[in-house]
Amino acid sequence: MVGRRAVDWAVLGAGLFFAAGLHGDLQAGDRAYGMTGDAPRVILWAWEEPEDLRTADPRQLGVAFLAERVFVAKDVSVVPRRQRILTPEGMWAEAVVRIEAGRDFEDNAATRKRTAEAVLDAAQLSGVRGVQVDFDALESQRAFYADVLRQVRAGLPAGKRLEMTALVSWCSQQQGWMRALPVDAAVPMFFRLGRHVGWWGVREPLCEGSVGVAIDEPAIANESLHGSQRVYVFAPRSWTAEQLTELNEGTIPRDRRGAR
Amino acid sequence: MRRRKWALGIAVVALAVPGNSCGPFFTGMVFVHQPDLEDVLNGRLGVVHGTFSVSTLAMSYRVLSGVMPTAAEKTSVLGQADTPQDPNNPGYSVRANSTPNAMNAWIAERAEVMHETSDAGLKTDSNVPGQQWDTYENCLNDAFVNAAKTLATRARDHSTEPAELAEWVNGQDAVFSNCNTPTNMPAVVQKPDWLVKDRAYQTAAAHFYRAEFDEARKEFEAIAADRSSPWHALADYLVGRCLIRQATLAQPDKADDAMLKQAGEQFARVAKGGGQYAGPATELLNFVDLRVNPDAAAVRLGDAMSRPDTRLKQHLVDLSYLLEHSGWPNQEESRKSDLMDWMLTMQAPAKGPEHAKERWRQTGNVAWLVAAMSAAQSPDPELLRAAAAVPYDSPAWATLTYLRLETLPAGSAARAEVEQVLNELVQKKASPHAVNEFTILARQKADRLEDFVRLAPMEPVGQDNDVSG
């Protein structure tokens, strides 16, 4: 009788054990990233650093590389990627365009047009499947941003994706300003959140398909693989061969070196 | 009952979903951090540690040595105008300071002389050969500045030769047509002599922008050898730039070190010869030596930064690159520079207590007293006496007082002495970094719980959001 009761409680305990969330952690040890649509599930953000990704497994990993920085002030100036980036044959890739609004930012038809043209230039780079726009637009700059995205969408060749990065606060709104944006997806950036660090509820449908994490914030990064979204991974410095090996093997590495 | 429990257990397991099991997350408070570079440049060092960043430590040396940063240096280092080149960039070249409208200057000069407006907005970036996504800045500001100045001069000196002047402009247009992708070459001209000499230079420049570096180098060498050419001095310098471009662009994953060394020899020769291009040649010699002869680069950078330095911002970037870059096997040679010697001693104090003390005795520089006190393994009466004699208005005072009081055995007397200094710092509105350092020290010396608790509150100097869960 005592033995049966012990078995009963063990079963219940096991259920509670998994329900407590540890199920996710155990699952993480047996992961193959797989694909989301035509893209690998894990995409490396390659920022303006020299990057050698030749040892990355292109079946497992894609790359979203910084292709251009667009500085919008009274005029628009474009600085294309200066740092070397080496990738393995056949790696899924998308171009990232970072938009920076200067202190003398001017929103007019010319700056909107020139910015959209710069984004479209990046989308024309060889071998890229689409373009991802990264702009921490202030509220007063959202009309500018939305129009730039509309112009980009209108000029983008069929079959090329248009994505954007998004502040998690944008994604947490149910009927927020992003709702009408003509993008295929938005990547909420769950890092550099200051005192608001942690998982935020995502209510904007555009943000539901992916998460952005950083390897120097491993608590968040490690958990990102538990879901089914595409995972964009940011490294504060160049990716190392050791980190790529870990990624190939299904683990998100930890970086304690900090930003340059 | 038993079946229900089984069913309940299975249901709970089946319904379990992947969870976010970490957290909640908290923001950490930072109480001691290195001072802002602006504070350091203004002489507010607080307590100097060898763990400071390269720039902060190098500027601490300057301040401790009594060579205060000049207003121009502060503006350069703290401002945005003088953007330093990133040593990681391929096709690295020295950029003229603050010439954002260089291309516009060329376009304006061309329009004035030719009475026609050319297309604005030349693309100055070129794709790295063999690479699909990365570029380098091919035509730099100096090229447009030089073209505009030269055109103004030629228009003034040859105003009676409009056809030749127009041909000069055609040639220059051809040069700049190669900035983005190889396009046109300047036509061959037979006369007059001034145009022939200018055309030789334009042709070499066009080859350079087309990434045809062997041809460009040969042509620049020929111009450098032609003492009658107005371009001979610049061409001598550009021979080295051809080599750097070729060395950094030829291979996908690394520079050609042999070619870089050859470039270094060329720049060393130009720098040694003095003249207009000696300064830029020295900067590019730094670029080369950072990679192939780091000791020499460190000595040169250290010496340059030890005194007022017109290119301080770039040199801080270069030195940071050097010291944070792995693969520098032997740093000892760089100790020929006093600044480098001091920085290496501060960064690894256990290696050099006697050396630091010796250097302090030799130089009398309070920076070395700081290094000697930092490196001392046990209280040294000679150093302690010297530290106690440093006046409050010395930038070394906080560091030396801290290091001196740190040697006192814990107890109420030591705690009281530290607290006395602490009160003085608070009254004189010292930086919160320094106040916190002395608060922590006073707490370490406390031998009663009530003193420890009383000294517990501190004002944070920042937040740590680096969640490592």
Side-chain angles (χ1 to χ4, degrees), chain A residues 4-5 7-25 27-28 48-50 52 54 65 67 77-87 93 95 125-128 192-199 216-220 222-223 226-228 238 254 256 258 260, chain B residues 1-28 80 85-92 100 121 123-128 130-137 180 248-249 251-254 320-321 324 463-469:
Chain A
R4 263 190 227 141
R5 201 171 271 180
V7 171
D8 294 346
W9 285 114
V11 171
L12 261 176
L16 292 170
F17 177 80
F18 283 101
L22 294 169
H23 173 69
D25 284 342
Q27 190 187 51
E48 189 70 1
E49 298 271 357
D52 186 348
R54 286 176 295 182
F65 64 95
S77 58
V78 181
V79 178
R81 182 181 184 84
R82 300 279 193 230
Q83 302 294 343
R84 193 69 52 90
I85 178 167
L86 303 168
T87 53
L125 290 170
S126 68
V128 302
R192 308 297 186 264
L193 295 178
R195 70 180 64 178
H196 305 295
V197 66
W199 292 107
D216 56 344
E217 297 186 22
I220 294 286
N222 289 341
E223 292 184 24
H226 296 174
S228 57
S238 301
R254 170 179 291 216
R256 290 193 175 280
R260 186 185 292 283
Chain B
M1 179 65 184
R2 194 173 144 226
R3 281 186 185 167
R4 273 192 211 152
K5 281 181 184 171
W6 269 102
L8 180 61
I10 290 167
V12 168
V13 171
L15 293 173
V17 292
N20 298 329
S21 53
C22 290
F25 305 104
F26 299 100
T27 300
Q80 299 294 318
Q85 286 279 7
D86 184 337
N88 287 316
N89 279 355
Y92 178 101
K123 282 195 172 179
T124 57
D125 302 289
S126 202
N127 270 59
V128 174
Q131 302 300 310
Q132 53 182 349
W133 298 327
D134 41 319
T135 66
Y136 63 102
E137 195 172 5
N180 184 234
T248 52
L249 294 175
Q251 299 177 56
D253 53 351
K254 63 185 173 70
S320 299
Y321 173 84
E324 290 168 5
Q463 295 179 352
D464 178 9
N465 297 313
D466 184 10
V467 183
S468 54

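Every chain is numbered from 1 and lettered A, B, ... according to where its sequence line falls, protein lines coming before strand lines. Excluded from the calculations below are hydrogen atoms, water molecules and symmetry mates; all remaining heavy atoms, backbone and side chain alike, are included. In this text, all values refer to a predicted model and were calculated from it rather than measured experimentally.
- Here B/Gln132 pairs with A/Ser126 under the side-chain hydrogen bond (donor to acceptor under 3.5 Å, both in side chains) rule; sequence neighbours left out.
- Remark: B/Asn180 engages no residue in a side-chain hydrogen bond (donor to acceptor under 3.5 Å, both in side chains) (not counting sequence neighbours).
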Test log, rule side-chain contact (heavy atoms from CB on, under 4.5 Å), inputs B/Leu249 and A/Arg84: CA-CA 10 Å; B/Leu249 294 175; A/Arg84 193 69 52 90; 4.2 Å; yes
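- Looking at A/Thr87, the atoms closer than 4.5 Å to chain B (heavy atoms on both sides) all sit in the side chain, from C-beta outward.
- The side-chain heavy atoms of B/Gln131 and A/Ile85, taken from C-beta on, include no pair separated by under 4.5 Å.
- Counting only heavy atoms from C-beta outward, the side chains of B/Asp134 and A/Phe65 never approach each other to under 4.5 Å.
- Remark: A/Leu125 CG to B/Thr135 OG1 distance equals 9.5 Å, nearest 0.5 Å.
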Check against side-chain contact (heavy atoms from CB on, under 4.5 Å), A/Val79 and B/Glu137: CA-CA 9 Å; A/Val79 178; B/Glu137 195 172 5; over 6 Å; no
